[in-house]
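Every heavy atom of this structure was used, including side-chain atoms; hydrogens, water molecules and symmetry mates were not.
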Amino acid sequence: MTTRRLTIALLSIFLSMVAFAANKDLEKDITMVSYEQSWLDSSGTLALKNNSSEEVKNVVFLITYLDMAGNELDYEEFSRSVIIAPGMTRKLDIPAYEHSRNYHYYKTKDEFGNPAFKIKFQLKDYNVEEEVAESIDDNPLGRYSYGYEPSNGNEGLYVIIAIVGLLLVIGITVGLYVLVAVMAQKRNRSVVVWILLSLLATPLLMIIILLVIGKNENYIENHYDRE
């Protein structure tokens, strides 16, 4: 009797899974709302909308990459764990297409003439029972969680700005010490002493003091007396 009940229970579960699978509409249940990828991005941001009445827990989809004339360039299948409530939209990241060659999605603004591409989204399956495994080439950022903000692609620009700013600060600082040395020399004062004072205080303060005190008259008088 117990075996019979177990068989009936397993059969019911199987029939429920078959019925759920049969109710899936892979063309309408999950659709792509938008895609973003600039030429600096190492990952593209994909927005998916759940049009079904079920909570989505994972998705399997195919991305086909096209040139601006609509010709197929490449394709890749992705498996992602992502929670999307019914009627809601969530974002997830996938590896950027041709990142090393500065490709960008045609709807993402680009002012440098980099090559553009289009994509075609095709849902293969969702809410599969097996644990969704990411492919070897998939980016770890592909798992999109609540509170996570995708990269805006400006990291490289920020690094360049930081380096330029640092070099500018170093150049200005060195220039101030050189100015202190030149001003001290022209005012017949010890360059070494004023450089040391600049290290203890600030070069800017020493420049102001040198402007105020002017030339060392005692040095001039002693110099002419020795002659």
Side-chain angles (χ1 to χ4, degrees), residues 26-51 56-85 88-126 128 131-174:
L26 298 182
E27 291 186 0
K28 298 180 180 179
D29 285 352
I30 301 174
T31 54
M32 185 185 78
V33 177
S34 66
Y35 182 77
E36 297 177 0
Q37 179 192 322
S38 73
W39 67 276
L40 283 173
D41 291 339
S42 59
S43 60
T45 302
L46 190 73
L48 300 180
K49 183 177 181 181
N50 179 10
N51 301 309
V56 172
K57 298 180 180 179
N58 52 62
V59 290
V60 181
F61 56 93
L62 180 72
I63 296 293
T64 304
Y65 300 96
L66 313 168
D67 62 18
M68 296 307 295
N71 301 312
E72 292 189 7
L73 299 172
D74 201 354
Y75 68 91
E76 189 169 356
E77 186 173 296
F78 298 93
S79 298
R80 287 289 185 270
S81 295
V82 58
I83 303 299
I84 313 177
M88 301 300 289
T89 300
R90 291 298 304 273
K91 290 183 177 181
L92 56 89
D93 288 350
I94 61 175
Y97 176 68
E98 292 287 2
H99 170 63
S100 61
R101 296 171 61 188
N102 297 334
Y103 270 65
H104 72 97
Y105 186 55
Y106 78 108
K107 289 187 178 180
T108 303
K109 187 176 180 181
D110 178 78
E111 299 175 349
F112 302 97
N114 293 307
F117 66 93
K118 298 180 179 180
I119 67 169
K120 181 171 63 176
F121 172 85
Q122 181 183 357
L123 180 66
K124 304 293 288 185
D125 203 353
Y126 66 95
V128 292
E131 181 179 355
V132 179
E134 297 182 353
S135 64
I136 296 176
D137 294 331
D138 288 352
N139 192 307
L141 294 176
R143 296 182 180 272
Y144 190 90
S145 58
Y146 290 103
Y148 172 78
E149 293 295 333
S151 171
N152 60 10
N154 291 328
E155 291 86 353
L157 181 60
Y158 294 153
V159 171
I160 294 173
I161 293 174
I163 293 174
V164 172
L166 179 62
L167 292 175
L168 185 61
V169 171
I170 293 175
I172 292 175
T173 303
V174 173

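- Among residues two or more places apart in sequence or in another chain, the side-chain contact (heavy atoms from CB on, under 4.5 Å) test is passed with I170 by L166, V174.
- No side-chain heavy atom of L48 sits less than 4.5 Å from a side-chain heavy atom of K91.
- Side-chain contact check for I83 versus K57: some heavy-atom pair is nearer than 4.5 Å.
- In terms of the ring-ring contact (aromatic ring centres under 6.0 Å, His included) criterion, residue partners of Y97 (sequence neighbours excluded) are, by chain and number, Y65, Y103, F117.
- The shortest distance between side-chain heavy atoms of F61 and I94 falls below 4.5 Å.
- When the side chain to side chain donor-acceptor pair (under 3.5 Å) test is applied to Y35, the partners found at least two apart in sequence or on another chain are Q37.
- At most 12 heavy atoms of other shown residues, nucleotides or ligands fall within 6.0 angstrom of atom NZ in K49.
- Counting only residues at least two apart or in different chains, salt bridge (charged side-chain N to carboxylate O under 4.0 Å, His left out) contacts with residues 101-116 comprise E98-R101, K109-E111.
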Could you walk me through whether E76 and L62 satisfy the side-chain contact (heavy atoms from CB on, under 4.5 Å) test, starting with their C-alpha distance in whole Å, then the side-chain angles of each, then the deciding distance to 0.1 Å, before giving a yes or no?
CA-CA 6 Å; E76 189 169 356; L62 180 72; 5.9 Å; no
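- The structure places CD1 of I119 at 12.5 Å from CG of L73, a figure rounded to the nearest 0.5 Å.
- Remark: Y106 pairs with no residue by the ring-ring contact (aromatic ring centres under 6.0 Å, His included) rule, at least two apart or across chains.
- By the 4.5 Å heavy-atom criterion applied to side chains, V56 and I30 are counted as neighbours.
- Partners of I172 by side-chain contact (heavy atoms from CB on, under 4.5 Å), not counting sequence neighbours, listed by chain and number: L168, L176.
- Closest non-hydrogen pair, K124 versus L26, comes out as O-CD1, 3.2 Å.
- Contact detail for D93 and T45: the closest heavy-atom pair is OD1-OG1, 3.2 Å.
- Atom CD1 in I84 sits 6.0 Å away from atom CG in N50 (nearest 0.5 Å).
- Residues satisfying the salt bridge (charged side-chain N to carboxylate O under 4.0 Å, His left out) test with D125, not counting sequence neighbours, are K24.
- Judged by distance alone, with hydrogens and angles left aside, the side-chain atoms of T173 form a donor-acceptor pair with the main-chain N or O of V169 at under 3.5 Å.
- Partners of E72 according to the side-chain contact (heavy atoms from CB on, under 4.5 Å) rule, which considers only residues two or more places apart in sequence or in another chain, are T64, L66, K120.
- Judged as a side chain to side chain donor-acceptor pair (under 3.5 Å), and not counting sequence neighbours, the contacts of T31 are N51.
- Contact between H104 and S38 at its shortest, heavy atoms only, is CB-C, 3.9 Å.
- Here the closest non-hydrogen pair linking W39 and N102 is CB-O, 3.4 Å.
- For the atom pair CD of Q122 and CD of E77, the computed distance is 9.0 Å after rounding to the nearest 0.5 Å.
- Under 3.5 Å, the side chains of S81 and N58 contain no donor-acceptor pair of N or O atoms.
- Remark: A69 engages D67, N71 in a side-chain contact (heavy atoms from CB on, under 4.5 Å) (not counting sequence neighbours).
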